Amino acid sequence: MPYDPRQVETKWQAYWQKHRVFRSEIDPSKPKFYALDMFPYPSGSGLHVGHPKGYISTDVLARYKRMRGFNVLHPMGWDAFGLPAEQYAIETGTHPQETTARNIEVFKRQLQALGLDYDWSREVNTTEPSYMRWTQWIFRKLYERDLAYLAEVPVNWCPALGTVLANEEVIDGKSERGSHPVVRMPMRQWMLRITAYADRLIDDLDEVDWPEAIKKMQRDWIGRSEGARIVFDVEGRGGNQIEVFTTRPDTLFGATYMVLAPEHPLVEEITSGDARDAVVAYVEQTARRSERDRIADTFEKSGVATGATALHPITGARLPIWIADYVLATYGTGAIMSVPAHDERDHAFARRFALPIIEVVAGGDDVQAEAFTGEGAAVNSDFLDGLHTAEAKRRICEWLEDSGRGEASVSYKLRDWLFSRQRYWGEPFPVLHLEDGSTTLVPEDDLPVLLPELDDFKPTGEFEPPLGRVKTWVETTDPATGQPARRDTNTMPQWAGSCWYYLRFIDPTNDMEPWSREAEQYWMPVDLYVGGAEHAVLHLLYSRFWHKVLFDLGLVHTKEPFQKLLNPGMILGYSYRYFDDDLADEKPADARVYAANEVELRQGTPRHRESGEELKARWVQAADVRFVGETPTHPTLDLELEVVTEKMSKSRGNVVNPDDVIEKWGTDTLRLYEMFMGPIEKGAPWSDESIPGLARFLQRIWRLFVDDAGALAPLAEGAGSDAQARLLARTIRDTTDDFEGLRFNTAISKLMVFVRDVADDGPMPREAAEAFTKLLSPLAPHLADELWERLGHSGSLARETWPEPDSSKLVEDTITLVAQVNGKRRDEIEVPADADEATVRAIALASEKVQQHLGGREPSKVIVVPGRLVNLVG
RNA sequence: GCCGGAGUGGCGGAAUUGGUAUACGCGACGGACUCAAAAUCCGUUGCCCCUCGGGGCGUGUGGGUUCGAGUCCCACCUCCGGCACCA
């Protein structure tokens with residue numbers, strides 16, 4: 001009777017659900033383990049096989065930890081606000097709520113089909129009033145601590161989406177979603193003061209067990225740099241001053257000109273009459289240039305002189321003031337003192353515009369030819385002369401402070417977080433705008449502020465967000481004063497809900513507070529957080545920021561929310577590509593098509609190899625590809641397709657649906673395959689051809705336990721032969737190590753070895769059979785529970801105890817060593833496990849093969865590596 | 001350009017602190033069972049040479065350290081990821 005996964009898997013999934021096997025409650029008598037997956041946005045296309053890799057990993061570990069006696073919390077929920085549902089609403093008029101509910105249903109069914117051990121009683125949904133209420137409640141806390149403020153800031157306005165985008169949502173001047181053009185516009189926006197936490201966000205990274213690469217990305221993103229602020233007077237403009245930030249205040253004497261960002265507020269004021277036209281033109285040109293253009297010619301500096309002059313704070317030297325787009329308005333003070341001798345960018349600019357270059361740090365070659373950015377002794381620097389860079393920095397900062405011309409200062413790349421969006425499908429802000437222009441909070445008792453109903457989800461196209469259309473919602477009264485008030489028509493970004501969901505999971509139905517102190521004390525922090533590296537900076541930085549604010553409020557007891565972080569590598573798919581010249585996507589009948597070998601990529605743009613004409617990549621759905629022999633070919637044209645391995649996505653036609661895999665092979669096979677593909681952190685292409693190997697493994701296990709008639713196969717009583725007992729002990733020890741180290745691929749290979757060898761010298765012993773089902777159960781829980789039951793037990797292995805290896809079976813009497821002569825393997829020798837060097841040497845010298853290769857010489861040196869090898873050098 | 005990470009059979013990948021390179025799986029080939037096929041089981045499978053005992057070469061490339069290097073050092077090549085004038 002062959003193994004029928006469908007029947008067994010359905011049976012056990014129903015059992016787990018009925019008996020609430022994965023329900024977790026606070027239990028102070030047990031250590032806790034909080035395993036968390038990054039909760040998904042329930043998109044309309046459902047899951048592909050890439051998504052569950054991380055979920056399966058946490059599931060395997062959670063099941064393992066539970067059997068090791070931990071009280072495991074492993075919840076799942078929905079990050080359900082988001083642009084796609086709103087876009088869909090704009091196109092079809094379907095309310096996002098409806099779309100979202102439908103998508104969640106599909107996702108949940110797919111996740112349940114994977115046999116994941118979620119405690120579904122803790123399911124959360126960021127769009128539900130009972131959740132949104134507390135998101136708004138946290139916003140109130142931020143506001144009360146002056147961490148939320150309104151500001152007029154230039155924002156990335158995307159007319160097509162009718163919304164403002166965060167900097168990180170804009171790529172090459174286009175929206176990350178949909179690639180629509182984005183323009184910079186000043187707008188009144190909610191900002192969160194994340195910069196106030198910059199230092200702590202850097203420093204506390206030392207406390208967490210995260211991949212170094214991710215920590216580094218966060219540090220770089222925050223971009224702390226130490227230096228000084230220095231004030232320069234503008235000549236002849238009573239009182240006008242330019243403040244600059246520099247990391248090299250020691251080079252102050254080398255400053256030969258000043259540069260302002262074109263957007264700098266002083267530009268307008270200080271520009272002299274005859275420079276005005278050129279300056280205005282340059283400012284306009286900069287505003288028009290896309291970010292992509294500006295990056296493209298990083299080495300070609302441009303700029304214009306303003307005609308104004310600054311005065312050196314020490315020497316009084318006259319420094320011409322320029323504007324140039326290599327100075328960024330948003331970093332530091334938006335202005336620099338330029339030291340061309342010791343900064344490459346300043347050097348390039350000075351050369352371009354023939355500005356003077358003065359050496360003030362010794363150690364470089366000819367600073368007229370090339371900037372010297374290293375450290376050294378100060379020269380041409382008055383009272384700094386002879387001081388090394390670090391000391392010179394200290395001295396000049398003292399001078400600046402004493403004379404009131406500046407001070408030591410720290411600057412960050414990190415900017416405050418633009419926290420409002422002009423969308424419908426998000427959390428409304430719990431604030432009221434009063435007639436006098438002031439802002440007040442909606443009282444705690446009136447939360448949540450719910451979204452009004454809306455018939456038309458289209459952006460207004462103006463700066464008015466969709467919520468602005470609902471006058472009856474916007475116009476209200478301030479409950480404190482009875483005055484007329486207007487609600488805020490912005491909504492929060494998608495990050496808001498995901499910033500704190502891990503805290504709601506610990507106490508998801510609490511309607512008195514967002515979570516109880518008791519639950520927080522017990523469950524936090526998250527012990528293992530698993531999710532894609534694409535969230536390396538944004539989500540992880542934002543939630544760390546909120547967590548620190550909650551820490552300061554005494555609402556959480558750990559500085560950091562996520563103790564250990566794991567980024568599963570992506571599962572890739574094979575996609576099939578060609579090119580055509582239909583750049584505008586008009587699909588004309590006469591569009592010319594090209595195979596990959598006629599095309600080359602130039603600066604990321606595909607172009608025809610010969611003509612240089614720009615082309616566009618097209619993909620054929622994997623299912624539609626025609627194979628001519630081995631060659632993938634276009635379904636209707638005689639055109640060879642290029643095989644590309646890339647991230648699975650609908651548009652590339654390379655997605656594999658887990659439902660199909662489960663239908664054909666069963667869930668346990670899918671789980672094993674994904675865990676067997678390689679190390680979790682590594683990405684690998686999906687291969688249908690490898691799956692049968694794992695299905696065969698499960699069949700082999702089944703036949704080991706179940707005979708042809710479907711009855712339990714005969715088992716040897718007890719521990720079986722010595723070899724069997726040793727095999728079992730080794731398998732327990734090694735797979736346990738692998739589970740602890742999250743090396744599920746090698747754990748599986750050890751289970752395969754066990755299955756291959758256990759019945760070599762007689763029927764499998766009962767002890768081995770029982771222990772094996774336990775070792776198998778985190779990975780293939782359905783089959784394991786079924787076998788456990790057939791062994792005469794009742795209930796699920798989920799609540800059983802992990803086996804311990806019999807340590808007496810782990811020590812060997814004799815061991816095999818490799819005998820090398822001059823570093824080359826020549827023979828294997830058997831030695832007593834406790835043999836000393838002399839014994840090993842004697843046994844090795846007794847080997848015929850060793851003697852043959854020594855050629856009668858006496859070894860001059862003998863190296864014995866205990867338990868490994870003996871090397872005779874002669 | 002800068003910063004990370006990785007290059008091991010036809011393929012996915014194993015390999016304590018430097019200590020038998022290629023475990024396990026896929027694929028391929030041969031065999032058993034079968035009227036036949038599927039399924040299953042057994043065997044072979046890095047490359048080259050061989051008198052069938054064995055020998056030589058092999059972890060991206062070129063050097064080095066060492067009794068011994070996939071692992072350490074130097075230089076380089078390729079791929080993947082991140083950042084992109086951050087003063």
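Letters A, B, ... are given to chains in the order of the sequence lines, protein chains preceding strands, and every chain is numbered from 1. Since this is a predicted model, take the numbers as computed values, not measurements.
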Next item on the list: Say whether A/R229 and A/S409, considering side chains only, have a donor N or O and an acceptor N or O under 3.5 Å apart.
Entry: yes
Notebook entry, point to check: How would you label the contact of A/P685 with the nucleic acid (heavy atoms, under 4.0 Å): base, sugar-phosphate, or nothing?
Noted result: nothing
Next item on the list: Quick one: label A/S411 by what it contacts on the DNA or RNA (base, sugar-phosphate, nothing), any heavy atom closer than 4.0 Å.
Entry: nothing
Check: Which whole-number value in Å describes the distance from A/N567 CG to B/G4 P?
Finding: 18 Å
Item checked: Nearest-Å distance for atom pair CG/P, residues A/L572 and B/C79 -> 17 Å
Notebook entry, point to check: Can A/Y282 and A/S302 be counted as having a side-chain donor-acceptor contact under 3.5 angstrom?
Noted result: yes
Note to self: When you measure from the side chain of A/R224 to the backbone of A/Y412, do you find a donor-acceptor pair of N or O atoms at a distance under 3.5 Å?
What the structure shows: no
Next item on the list: Any chance you could list the contact pattern along nucleotides 36-47 of chain B? Use B for base contacts, S for sugar-phosphate-only contacts and - for none, protein heavy atoms under 4.0 Å, 5' to 3'.
Entry: ----SS------
Margin query: Under 4.0 Å, heavy atoms only, any strand: does A/V873 hit a base, just the sugar-phosphate, or nothing?
Written below: sugar-phosphate
Checklist line | Whole angstrom value for the distance that separates P of B/U16 from CZ of A/R733 | finding: 14 Å
Notebook entry, point to check: Without hydrogens or angle criteria, can the side chains of A/T746 and A/S749 be said to hold a donor-acceptor pair below 3.5 Å?
Noted result: no
Checklist line | Interatomic distance at P, B/C80 relative to B/U8, whole Å | finding: 14 Å
Note to self: Below the 4.0 Å mark, does B/G13 have OP1 or OP2 next to a side-chain nitrogen or oxygen of A/K682?
What the structure shows: yes
Note to self: With a 4.0 Å limit, can you tell me whether A/K824 has a side-chain N or O closer than that to the phosphate oxygens OP1/OP2 of B/C57?
What the structure shows: yes
Check: Once you round it to whole Å, what is the distance between P of B/A14 and CE of A/M752?
Finding: 14 Å
Note to self: According to salt bridge (charged side-chain N to carboxylate O under 4.0 Å, His left out), does anything in residues 681-694 of chain A pair up with another residue at least two apart or in another chain? List the pairs.
What the structure shows: none
Margin query: Side chains of A/D836 and A/T839: any donor to acceptor distance under 3.5 Å?
Written below: yes
Notebook entry, point to check: Whole Å only: how far is the CZ atom of A/R825 from the C1' atom of B/A69?
Noted result: 18 Å
Notebook entry, point to check: Taking atom types as modelled, is there a side-chain donor on A/T286 or A/D325 under 3.5 Å from an acceptor on the other?
Noted result: no
Notebook entry, point to check: At under 4.0 Å between heavy atoms, what does A/Q820 touch on the DNA or RNA strands: base, sugar-phosphate, or nothing?
Noted result: base
Notebook entry, point to check: What does A/R826 touch in the nucleic acid at a heavy-atom separation under 4.0 angstrom: a base, only the sugar-phosphate, or nothing?
Noted result: sugar-phosphate
Check: Looking only at N and O atoms, is any donor in the side chain of A/R868 or the base of B/U16 less than 3.5 Å from an acceptor on the other one?
Finding: yes
Note to self: So A/T746, base contact, sugar-phosphate only, or nothing? Heavy-atom distance under 4.0 Å.
What the structure shows: sugar-phosphate
Notebook entry, point to check: Expressed as a whole number of Å, how far does the P atom of B/U71 sit from that of B/U59?
Noted result: 9 Å
Item checked: Given B/C85, B/C26, B/G4, the nucleotide with the shortest approach to the side chain of A/E689 -> B/C26
Check: If the P atom of B/U44 is compared with that of B/C57, how far apart are they to the nearest Å?
Finding: 25 Å
Item checked: Side-chain donor-acceptor contact under 3.5 Å, A/Y574 with A/T645 -> no
Margin query: Rounding to an integer number of Å, can you tell me how far A/F676 CZ sits from B/C24 P?
Written below: 10 Å
Check: Checking all strands, does A/K413 fall into the base, sugar-phosphate, or nothing category for heavy-atom contacts under 4.0 angstrom?
Finding: base
Next item on the list: Report the distance from atom CG of A/L541 to atom CD1 of A/I222, rounding to the nearest 0.5 Å.
Entry: 5.0 Å
Note to self: Has A/D738 got a side-chain atom pairing as donor or acceptor with A/F744's backbone, closer than 3.5 angstrom?
What the structure shows: no
Notebook entry, point to check: Do any N or O atoms from the side chain of A/R577 and from the backbone of A/A617 form a donor-acceptor pair under 3.5 angstrom?
Noted result: no
Notebook entry, point to check: Ignoring hydrogens and angles, does a donor from either the side chain of A/K750 or the base of B/C24 sit under 3.5 Å from an acceptor on the other?
Noted result: no
Notebook entry, point to check: Say you pick atom P in B/C74 and the same atom in B/C85; how far apart are they, in whole Å?
Noted result: 30 Å
Check: Separation of A/D738 atom CG from B/A14 atom C1', in whole Å?
Finding: 11 Å
Next item on the list: Can you tell me, in whole Å, how much space there is between the C1' of B/A69 and that of B/A32?
Entry: 44 Å
Checklist line | C1' spacing across the pair B/U20 / B/U34, given as an integer number of angstrom | finding: 42 Å
Note to self: Tell me whether the side-chain N/O atoms of A/N745 come closer than 4.0 Å to OP1 or OP2 in B/A14.
What the structure shows: yes
Notebook entry, point to check: When syn is taken as a glycosidic angle within 90 degrees of 0, is B/G9 syn or anti?
Noted result: syn
Checklist line | Where the chi angle of B/G53 falls, syn if within 90° of 0 and anti if not | finding: syn
Item checked: A/I748 vs A/I863, nearer the 5' end of RNA chain B by closest nucleotide -> A/I748
Notebook entry, point to check: So what does A/V753 hit on the nucleic acid, given a heavy-atom distance under 4.0 Å: a base, only sugar-phosphate, or nothing?
Noted result: sugar-phosphate
Margin query: For a quick check of understanding: with a heavy-atom distance under 4.0 Å over all strands, which category does A/N871 fall into, base, sugar-phosphate or nothing?
Written below: base
Next item on the list: Using only heavy-atom distances, determine whether the side chains of A/E828 and A/T816 contain a donor-acceptor pair under 3.5 Å.
Entry: no
Next item on the list: Go ahead and write out RNA chain B as dot-bracket, 5' to 3': ( ) for pairs within the strand, [ ] for ones crossing earlier pairs, | when the partner sits on another strand, dots for unpaired; Watson-Crick or G-U wobble, both distances under 3.5 Å.
Entry: (((((((..(((......[....)))((((((.......))))))((((....))))..(((((..]....))))))))))))....
Notebook entry, point to check: Between A/S575 (side chain) and A/N654 (backbone), is there a donor-acceptor pair under 3.5 Å?
Noted result: no
Notebook entry, point to check: C1' atom, B/G82 versus B/A87: distance in rounded Å?
Noted result: 22 Å
Margin query: Under 4.0 Å, counting only non-hydrogen atoms across every strand here, what does A/G693 touch: a base, just sugar-phosphate, or nothing?
Written below: sugar-phosphate
Notebook entry, point to check: With respect to the phosphate group of B/C67, does any side-chain polar atom (N or O) of A/K861 fall under 4.0 Å of OP1 or OP2?
Noted result: yes
Next item on the list: Would you kindly give the CZ-to-C1' distance between A/F697 and B/C26, to the nearest whole Å?
Entry: 15 Å
Note to self: Distance check, P atoms only: B/A28 and B/C76, in whole angstrom units.
What the structure shows: 43 Å
Note to self: Using a heavy-atom cut-off of 4.0 Å across all strands, would you classify A/D346 as base, sugar-phosphate, or nothing?
What the structure shows: nothing
